[in-house]
Protein chains: 2
Amino acid sequence: MAQVNSHFALDKAGPPLDPVPEKSKRFDLEARTPEAAIVTIADVARHAGVAASTVSYVLSGKRSISSETRDRVQDSVRALGYRPNASARALASNRSNVLALVIPLRAGMHVPVLMQFATAVVTTARRYDHDVLLLTADEGRSGLERVSQSALVDALVVMDVELHDERVPLLRELPMPSVLIGIPADTDGLSCIDLDFFAAAEQCVDHLTDLGHRSIALLGTPSAVYERQTGFAARTLAGFQAATARRGVVGIETPCEPAFDAVLDTVEDLLHDHPGITGLVVQNEPIIGPLLDVLRLLGRRVPEDMSLMAICADDVAERHVPNLSSVTLPADDIGQRAVEMLIAKLEGGQTEAVTLVPAQLVARASTSAAPGVHARTTA
Amino acid sequence: MAQVNSHFALDKAGPPLDPVPEKSKRFDLEARTPEAAIVTIADVARHAGVAASTVSYVLSGKRSISSETRDRVQDSVRALGYRPNASARALASNRSNVLALVIPLRAGMHVPVLMQFATAVVTTARRYDHDVLLLTADEGRSGLERVSQSALVDALVVMDVELHDERVPLLRELPMPSVLIGIPADTDGLSCIDLDFFAAAEQCVDHLTDLGHRSIALLGTPSAVYERQTGFAARTLAGFQAATARRGVVGIETPCEPAFDAVLDTVEDLLHDHPGITGLVVQNEPIIGPLLDVLRLLGRRVPEDMSLMAICADDVAERHVPNLSSVTLPADDIGQRAVEMLIAKLEGGQTEAVTLVPAQLVARASTSAAPGVHARTTA
DNA sequence: ATGAAAGCGCTAACAG
DNA sequence: CTGTTAGCGCTTTCAT
């Protein structure tokens, strides 16, 4: 399947590239956009022979307009290439139509997943005619205060929530709606949405236990994530502990750093201290590849000798060999719903709500009956 | 080093988590921000006993103010918790202090690198008192038109540039400055910055050739990236071809999809068709792990049997075993400089400029003399 | 169904 | 060094 030769599509496409592209003509101010004059609503009104307010109402649809004038106005809008000025609109209407997205760029966070959330947020926001302002989490409280008190944005989406997040009290007080992706310890007065990580861990444990595994380890996120008491990691850990206790099986938990050597050390120590382990639950996407390598290196076949459950996006689970049994992390869905909650709040509908997206387990090729146990149906 | 037990930091931190956090009190409008009334510049002026314009000038520093009144104004600002309204300021000054960042979310792009660019852009923008609006590349031309013509942003940073990018003509015409991260075929009238990928590929080839390798393959990005004629991939390919020709060694190029099976197929075919290959240049971060696995699987040791050069960020090169000889992709630096170019343009200084960041090769553990060749010094 | 007019909160001439 | 004033372009009463 893989083409091995030098016939890239590129090769068919014109002359070879210069190593350094040449640069010619000077910057020519006169040459660009001859009529760069800004088109205002007044220009449109004049062109259509109506009042400015009429143009405004045609555009917003906030009052009924005779189809005749509406057409005329719309023609003028097109003819003049009119675009409402965002600042003027925001100033007059007290709405910027911009959402802030607070994204973590901290130690231990897995970037592709974050990006999936971000993409869903941007895409959904655009569907509701909003744009997205990108804030990094290290701006902390002051960043939130800044963008909200200056009315730069209408609402906030906050990711990477810690159990006792310093931003939570602030969010309660800010004069604008917010939605957290992630669930803090005290959700009073807040709107939050996230995967039900507690249940996700429980389902992993139940699945493995049903398959006869009696000793199960949670290979978690890097320790920095736990130390910050990041909500999703803490809730997964709690669910894992609760489920292993409930099912009466041995549960061992350990964080893991995303580097081959760290994975090797962690797994070797784990298997040395607890040789009976036959089931692994992994909540740490970047270590999955190395982990599979390490298990191979140590002579443990997956799933014959070691069953593996992951908490990750479906495409990640299906990218590995063998395909991983997993609990899905539906980042698209969560990001989309977060924005929809926010839009609802902006429109005065919904107030607060804590939404736990149900965990859903998909059994693939990385889990099977524990060694020496006959296969049996999962409850 | 790896702690294998159940004593997470979390366990010391209070009572166990409920599976589902309870939610109590209702939304209480009265309870929040008792004096939510908005503080305007007029309020500050009154409080300080000066004119509104004086407050404005104190804040902007655009004219000299007696230290006495300045202090008084600043006290009032603090006392009242005043924050300038962003829309009003933008409307009056014709500056939103927001940059647009167009980020690709297309097939084949490696997310962590993108995020590194994005982070650098946001961080640097904040240093210059700007915020960043996130646009996805699939909004295409219309997205750029929308945010610029509505004056939502002052300037644009555009990533993921194709050689014949449809947005380039538009950027030339838009009434606001832009900087491309990536270099199109025709850079006339544009400001661009990127790593010198042509030279990066050349250096890889030179390094391997100096080590005695006579047959070298480029394992490139997924084919979709070439088909779009994405600038960085095309330039790397061109550099690779130029350098292998110049050095009189065999050069083979192939795209590669980021999945284990695809890597296996590609490498097997490659080695089958060109058994003499002893040097590999990889421009495809996500396949590096799988590639190392595949080589091991096929019994080729790195670097004894096969030398490996990567074009990637340093931390990636150092995360693998063996550490990879690489040409650095300095995303932070490029992102930062892109913003600085933009700020310079906004301040009327610099106009256009094409900046090729010099490629820099770091030899690590994945390259060595070709089999049967005695080590010799690299030119 | 449409117009007229009053701001939204700020900046930047223009006057001292 | 400071105050006065005229907008920036739009939305939204208030009229009709």
Side-chain angles (χ1 to χ4, degrees), chain A residues 36-74 76-77 80-98 129 148-154 175, chain B residues 36-74 76-77 80-98 129 146-154 175:
Chain A
I38 223 161
V39 180
T40 74
I41 201 172
D43 299 325
V44 177
R46 204 173 310 120
H47 187 274
V50 297
S53 59
T54 300
V55 177
S56 176
Y57 283 119
V58 166
L59 261 35
S60 71
K62 286 189 181 172
R63 78 180 183 192
S64 49
I65 303 279
S66 74
S67 57
E68 193 186 1
T69 51
R70 179 175 40 243
D71 290 348
R72 204 141 35 83
V73 167
Q74 285 170 340
S76 299
V77 165
L80 302 182
Y82 169 68
R83 293 270 189 176
N85 178 297
S87 315
R89 178 175 273 190
L91 180 57
S93 67
N94 207 21
R95 279 295 184 85
S96 67
N97 272 33
V98 175
D129 196 32
S148 58
Q149 292 177 15
S150 68
L152 231 190
V153 305
D154 294 335
Chain B
I38 223 160
V39 181
T40 75
I41 201 172
D43 298 326
V44 176
R46 204 172 309 121
H47 186 274
V50 298
S53 60
T54 301
V55 177
S56 176
Y57 285 119
V58 166
L59 262 34
S60 70
K62 285 189 182 173
R63 77 181 186 192
S64 50
I65 302 281
S66 75
S67 58
E68 195 185 0
T69 52
R70 180 177 37 244
D71 291 348
R72 205 142 33 85
V73 167
Q74 285 169 340
S76 299
V77 165
L80 302 183
Y82 169 69
R83 293 271 188 175
N85 178 297
S87 315
R89 176 175 276 189
L91 180 58
S93 68
N94 207 21
R95 280 294 185 85
S96 67
N97 272 35
V98 176
D129 197 31
R146 184 172 57 78
V147 298
S148 59
Q149 292 177 14
S150 68
L152 230 190
V153 305
D154 294 334

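Every chain is numbered from 1 and lettered A, B, ... according to where its sequence line falls, protein lines coming before strand lines. Everything numeric in this text was worked out from a predicted model, so none of it was measured. All heavy atoms count here, side chains included; hydrogens, waters and symmetry mates do not.
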Student: Sugar-phosphate means primed atoms, P, OP1 and OP2; the rest is base. With that split, encode nucleotides 9-16 of chain C 5' to 3' as B, S or - using protein heavy atoms under 4.0 Å.
Tutor: BBSBBB--

Student: Indicate every side-chain donor-acceptor pair of residues 56-66 of chain B with a distance under 3.5 Å to a residue at least two apart or in another chain.
Tutor:
unit_1  : atom_1 : unit_2  : atom_2 : d
B:Ser60 : OG     : B:Ser56 : O      : 3.3
B:Ser60 : OG     : B:Lys62 : N      : 3.2
B:Ser66 : OG     : B:Thr69 : N      : 3.2
B:Ser66 : OG     : B:Thr69 : OG1    : 2.9

Student: Can you list the steps and then say if B:Val44 with B:His47 is a side chain to side chain contact (heavy atoms under 4.5 Å, CB included)?
Tutor: CA-CA 5 Å; B:Val44 176; B:His47 186 274; 5.6 Å; no

Student: Distance check needed: D:dG7 P versus B:Asn94 CG, whole Å only.
Tutor: 16 Å

Student: With a 4.5 Å cut-off on side-chain heavy atoms, are A:Val50 and A:Val55 touching?
Tutor: yes

Student: Looking only at non-hydrogen atoms, find the nearest pair between A:Val39 and A:Leu80 and report the distance.
Tutor: CG2-O, 3.5 Å

Student: Could you tell me whether A:Asn94 atom CG has more than 12 heavy atoms of other residues or ligands within 6.0 Å of it?
Tutor: no

